[in-house]
Amino acid sequence: MLGHIPLGQFIPGHSPAHRLSPVSKIVIVIVSAVGIMLLPGFYGLLIAGGYLLLMMLFTGGTAVYAFKGLKPLWILIAFTFIFQALAVPGEPVFTLGAFDVTRQGLEKAGLMTGRLLFLVLLASLLTLTTSPIGLTRGLEKLLSPLKKFGLPVHELAMMMTIALRFIPTLINEAEVIIKAQRSRGSDLTRGNPVDRIKALIPFIVPLLAGSLRRAEELAVAMEARCYRGGNNRTAMKQMKMGRIDFAALTLALLFLLISISARLAGW
Amino acid sequence: MWAIEVENLCYTHSRGTPFEKAALQNVSVKIARGQTAAIIGPTGSGKSTLVQHFNGILAPQKGTVKILGRNAADKAVRTGLWRQVGLVFQYPEQQLFEETVYDDIAFAPKNLGLSKEEIKNRVYRALNDTGLPENILTRSPLSLSGGLKRRVAIAGVLALQPEILVLDEPTAGMDPVSKKQFLNTLKKLQQRNDITIIMVTHSMEDAARLADWVLVLDDGRAVLEGTTREVFKQAHKIISIGLDVPVEVKTMLKLRQRGIPVRSDVLGLDEAVKEIVKVKEQLKKPGG
Ligand SMILES: Nc1ncnc2c1ncn2[C@@H]1O[C@H](COP(=O)(O)OP(=O)(O)OP(=O)(O)O)[C@@H](O)[C@H]1O
Ligand SMILES: [Mg+2]
């Protein structure tokens, strides 16, 4: 029912991409995203595509799921393309009802959709190869300089970790509750809109009750282990930068450099 | 006539993803109407997956499932099955949601579209069957203790008055007294009408007390099937897949190990005692 893999679900593995420190992966993704946005023109798209392909080679096959996860996005992508194709004035290629589809429009649409696609793929490569916990730890580390300005970085990261940790649990619980209520004849497809909204109550109340119970249990468990916030906490698994981190970061910076030069050169 | 006919059923959870898990592999089983069947197996053996095919919650991926003679491959059949097949889920207490216990038990009969009068009758009967006191009806189900919640949830399915009642580990986590009470409830239900009861359990003891027919699952496959006595004859096989057998069966097996020729397929303590006494008498006789 809810069994398909959502876009960017973490898939455990041992590929170089999995072994990179989350910190460097986040930096690489940001740097590469800027690079993709900067690269101009058709050749720029080609280079970005090649660069992404290179990255995917280091994910040990996990990248396949980035493409599988795209399926639900095709409407968004198609919409971007059509909107761009119709919105740009210029030399008409053919007409579609009241609209002229122009050469410039098609070019622009192709570029925009290409970039959008690449950015989505890039982001899902990060989440496919990084556990949610690793991701928040990485973010926490990257944002830690902001602590000086009073931002509760550790607490925010902890909240995110807990939220991410409980999403699969909640999905499982929702699945069970949906099955149980359907077994008692719950039907969401019957009656007028008010009836249909009312029909949601049997699903929402137990789910809410369950989450509250879980939250309470978790709070007690954390207190029992003397958890008290961020100061002076150390991590069990230290995130160390290794040689592959520097190699990957260098590659990403190189890509950014190329995009900046291409943009400045006005391709 | 068969209540349940399953043939070569296969089911894989999360099919087509790296998390896929074959939960059922070529399972075949037939359960006759009016019988009480137990499905036993260690944790993760596919018991819940199998029984969720019985009321149309899961669609068969491979093989056929026929419920009361109708093929569950047909979506229209599946969506209507909840009317004839009541399924009590594992840990059913999390499905409670109404403001009062009465409304929660009445939820399924209401969905059946019954009259107010009939709904009320059914709620009271379900309450009686599960041994709940009437003063509980006005309380909020969410405020009850775990054990009471469980019973209210079971009453909510009994109120469907289904032809086939499926219970997924209804006694998990119950204290011995409640468990005994509950099994007696099922016994009464068994006698009263032409109901088919299917109970999923870890416990051979419960199976021995209640079931006419036992299916043993291990790692998604049916490894043993037959009348309760037939299955108990193969106690060693049940032990080898990591399940416990009742203490009287264990005793008999130990006695056999010591060379005393008692039967090991005894159902219940009384039978065990009779068998031991009988064998003892035989051994006393000269030349016996
Ligand atoms: N929704 C699901 N998604 C993925 N795998 C699942 C799902 N539900 C069950 N499984 C897997 O299928 C297998 C069989 O599960 P099932 O719940 O049917 O076992 P069970 O015999 O009922 O176990 P238990 O005694 O613990 O309730 C298990 O390995 C389980 O991990
Ligand atoms: Mg189960």
Side-chain angles (χ1 to χ4, degrees), chain A residues 1-7 9-13 15 18 59-69 71 128-129 168-191 195 198-214, chain B residues 11-21 48-49 51-52 54-59 78-83 85-99 103-114 140-143 146 149 153 156-160 162 165-166 168:
Chain A
M1 215 175 313
L2 305 164
H4 60 267
I5 290 219
L7 183 69
Q9 155 98 49
F10 171 56
I11 293 170
S15 70
H18 284 92
T59 62
T62 309
V64 176
Y65 295 101
F67 290 104
K68 283 194 180 167
K71 252 185 237 160
L128 276 170
T129 60
T169 314
L170 278 177
I171 291 180
N172 273 342
E173 199 163 303
E175 202 168 328
V176 172
I177 290 170
I178 290 171
K179 283 179 179 174
Q181 306 299 34
R182 265 183 39 202
S183 302
R184 296 206 281 166
S186 246
D187 188 357
L188 293 174
T189 58
R190 221 170 19 191
D195 283 343
K198 269 204 205 142
L200 284 174
I201 294 174
F203 302 97
I204 292 170
V205 172
L207 206 56
L208 222 59
S211 338
L212 288 178
R213 196 195 61 235
R214 254 179 239 291
Chain B
Y11 192 89
T12 303
H13 286 288
S14 312
R15 204 160 43 156
T17 74
F19 308 104
E20 78 174 19
K21 167 83 202 162
S48 298
T49 308
V51 298
Q52 282 171 23
F54 295 169
N55 79 334
I57 287 292
L58 292 181
R78 278 204 308 278
T79 49
L81 272 179
W82 65 274
R83 292 162 187 276
V85 187
L87 175 55
V88 177
F89 276 76
Q90 209 166 350
Y91 304 110
E93 46 274 25
Q94 54 179 336
Q95 76 195 28
L96 302 172
F97 72 96
E98 281 282 12
E99 277 170 52
D103 286 329
D104 214 291
I105 299 177
F107 181 63
K110 260 184 212 157
N111 286 330
L112 281 175
L114 299 171
S140 156
L142 298 176
S143 71
K149 271 188 194 167
V157 176
L158 285 183
L160 270 173
L165 176 65
V166 186
D168 195 347

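Chain letters run A, B, ... following the sequence lines, proteins first and then strands; every chain starts at 1.
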Side chain, backbone, both or neither of B:Glu98 within contact of chain A (heavy atoms, under 4.5 Å):
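The answer is neither part of B:Glu98.
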Proximity breakdown for B:Leu96 and chain A, heavy-atom pairs closer than 4.5 Å:
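For B:Leu96, the backbone is the part near chain A, not the side chain.
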Main chain of A:Ala180, side chain of B:Gln95: is a donor-acceptor contact present, judged purely on distance under 3.5 Å?
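Side chain of B:Gln95 to backbone of A:Ala180, a donor-acceptor pair under 3.5 Å: no, none is there.
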Minimum heavy-atom distance between [X] and [Y], given as atom pair plus value:
X        : Y        : answer
B:Phe19  : A:Phe10  : CZ-O, 3.7 Å
A:His18  : A:Thr59  : CE1-O, 4.1 Å
A:Leu170 : A:Ser211 : CD2-OG, 3.8 Å

Note, A:Gln181 side chain near A:Phe203 side chain (heavy atom, < 4.5 Å):
yes
Please classify the contact of A:Thr62 with chain B as side chain, backbone, both or neither, using a heavy-atom distance under 4.5 Å.
neither
For A:Ile201, is it the side chain, the backbone, both or neither that has a heavy atom under 4.5 Å from a heavy atom of chain B?
both
Tell me which of these, B:Gly86, B:Gly56, B:Ala108, has more heavy-atom pairs under 4.5 Å with chain A than the rest.
B:Ala108
Among B:Asp104, B:Val85, B:Leu81, which has the most heavy-atom pairs under 4.5 Å with chain A?
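Of the candidates given, the most pairs with chain A belong to B:Asp104.
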